[in-house]
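In what follows, a single structure is set out as structure tokens and then discussed.
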Amino acid sequence: VQLQAYGGGLVQPGGSLRLSCAASGLVVSRNTMGWYRQAPGKERELVATITEIGNTLYAGSVRGRCTISRDDAKRMVYLQMNSLKPEDTAVYYCHTPTYRYLWGQGTQVTVSS
């Protein structure tokens with residue numbers, strides 16, 4: 001099983017990014033999938049999750065600005081992030097609780113002017 005996150009980059013405050021996660025060896029529609037992030041010097045934290053039946057959950061800090069979605073046929077999970085703030089700067093990881101210790105390589109998001 002592999003989870004490959006990509007799509008990060010440098011964006012100005014107020015900008016948008018769409019992160020993608022390619023899942024191999026895993027059926028995303030049969031697992032809760034999530035995005036997590038870790039900023040320098042801070043603990044890894046939940047950003048958003050989507051369950052097998054499509055229920056979504058967002059951290060309070062991103063609610064209303066981010067949308068998690070998935071494409072079952074492509075085995076992809078996405079995180080659309082809008083109105084980005086400097087405090088959103090972090091490495092973003094795709095993760096599923098099904099494989100508790102599987103984090104994979106994250107993607108760096110930097111929000112700065």
Side-chain angles (χ1 to χ4, degrees):
V1 176
Q2 288 187 330
L3 298 173
Q4 180 64 51
Y6 58 94
L10 173 64
V11 63
Q12 293 186 341
S16 298
L17 278 176
R18 187 196 196 202
L19 305 184
S20 300
C21 172
S24 58
L26 179 74
V27 180
V28 297
S29 61
R30 297 179 184 174
N31 293 273
T32 292
M33 302 299 299
W35 285 96
Y36 294 73
R37 68 186 181 186
Q38 187 167 19
K42 294 187 177 181
E43 296 287 324
R44 189 175 293 165
E45 64 177 1
L46 169 73
V47 178
T49 60
I50 183 167
T51 69
E52 297 91 319
I53 60 172
N55 291 336
T56 57
L57 175 71
Y58 297 93
S61 58
V62 305
R63 190 175 298 121
R65 300 189 296 119
C66 293
T67 302
I68 188 171
S69 62
R70 67 176 189 234
D71 185 322
D72 296 342
K74 295 181 179 179
R75 299 192 177 190
M76 296 289 293
V77 182
Y78 306 100
L79 184 69
Q80 177 67 43
M81 302 190 296
N82 302 320
S83 302
L84 283 163
K85 305 175 181 180
E87 50 263 44
D88 294 318
T89 295
V91 178
Y92 285 71
Y93 300 90
C94 182
H95 179 68
T96 174
T98 304
Y99 294 89
R100 180 179 178 183
Y101 299 105
L102 176 65
W103 286 97
Q105 182 177 352
T107 185
Q108 176 72 46
V109 172
T110 302
V111 184
S112 175
S113 55

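Looking at heavy atoms from C-beta onward, V11 lies out of side-chain contact with M81 at the 4.5 angstrom threshold. When side chains are defined from C-beta on, Y93 does not count as touching T107, because their heavy atoms never get closer than 4.5 Å. By the 4.5 Å heavy-atom criterion applied to side chains, Y99 and L3 are not counted as neighbours. For the pair C94/Y36, no side-chain contact is recorded, criterion being any heavy-atom separation below 4.5 Å from C-beta on.
Two different hydrophobic clusters hold W35 and V91 under the rule that ILVMFWY side chains link at heavy-atom gaps under 4.5 Å.
Taking each heavy atom of M76 and A22 in turn, the nearest pair found is SD-CA, 3.5 Å. In terms of heavy atoms, L84 sits closest to R65 at CA-NH1, 3.8 Å. Contact between Q80 and S16 at its shortest, heavy atoms only, is NE2-CB, 4.0 Å. Residues Y58 and I68 approach most closely at OH-N, 2.9 Å, considering heavy atoms. Nearest heavy-atom pair across A5 and Y92 is CB-O, 4.0 Å. Of all heavy-atom pairs spanning V28 and A23, the tightest one is CG1-CB, 3.6 Å.
Note: H95 and W103 have parallel aromatic rings, judged against thresholds of 30 and 60 degrees for the angle between ring planes.
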Could you list the donor-acceptor pairs under 3.5 angstrom formed by side chains in residues 40-50, with sequence neighbours left out?
unit_1 : atom_1 : unit_2 : atom_2 : d
E45    : OE2    : R37    : NE     : 2.7
E45    : OE2    : R37    : NH2    : 3.2

side-chain contact (heavy atoms from CB on, under 4.5 Å) between T67 and L79: does it pass, once the steps are laid out? CA-CA 6 Å; T67 302; L79 184 69; over 6 Å; no
Would T89 and V109 count as a side-chain contact (heavy atoms from CB on, under 4.5 Å) if you check the C-alpha gap in whole Å, the side-chain angles of each, and the deciding distance to 0.1 Å? CA-CA 5 Å; T89 295; V109 172; 5.9 Å; no
Should R75 and V27 be marked as a side-chain contact (heavy atoms from CB on, under 4.5 Å) after you check the CA-CA gap, both sets of side-chain angles, and the distance that decides it? CA-CA 6 Å; R75 299 192 177 190; V27 180; 3.9 Å; yes
Any chance you could lay out the side-chain contact (heavy atoms from CB on, under 4.5 Å) test for L10 and S112, step after step, and finish with the verdict? CA-CA 7 Å; L10 173 64; S112 175; 4.2 Å; yes
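In this structure, Q12 CD and T110 OG1 are separated by 13.0 Å, a value rounded to the nearest 0.5 Å. The distance from atom CD1 of I53 to atom OG of S29, rounded to the nearest 0.5 Å, is 12.5 Å.
A donor-acceptor pair under 3.5 Å is formed between the side chain of D71 and the backbone N or O of A73.
Evaluation of the salt bridge (charged side-chain N to carboxylate O under 4.0 Å, His left out) rule for E52 yields no partner, not counting sequence neighbours.
Between the side chains of T96 and T98, at least one donor N or O lies within less than 3.5 Å of an accepting N or O.
Within a 6.0 Å radius of CD in Q105, no more than 12 heavy atoms belonging to other residues, nucleotides or ligands are found.
A cation-pi arrangement, defined by a distance under 6.0 Å to the six-membered ring centre and an angle within 45 degrees of its axis, is absent between R70 and Y78.
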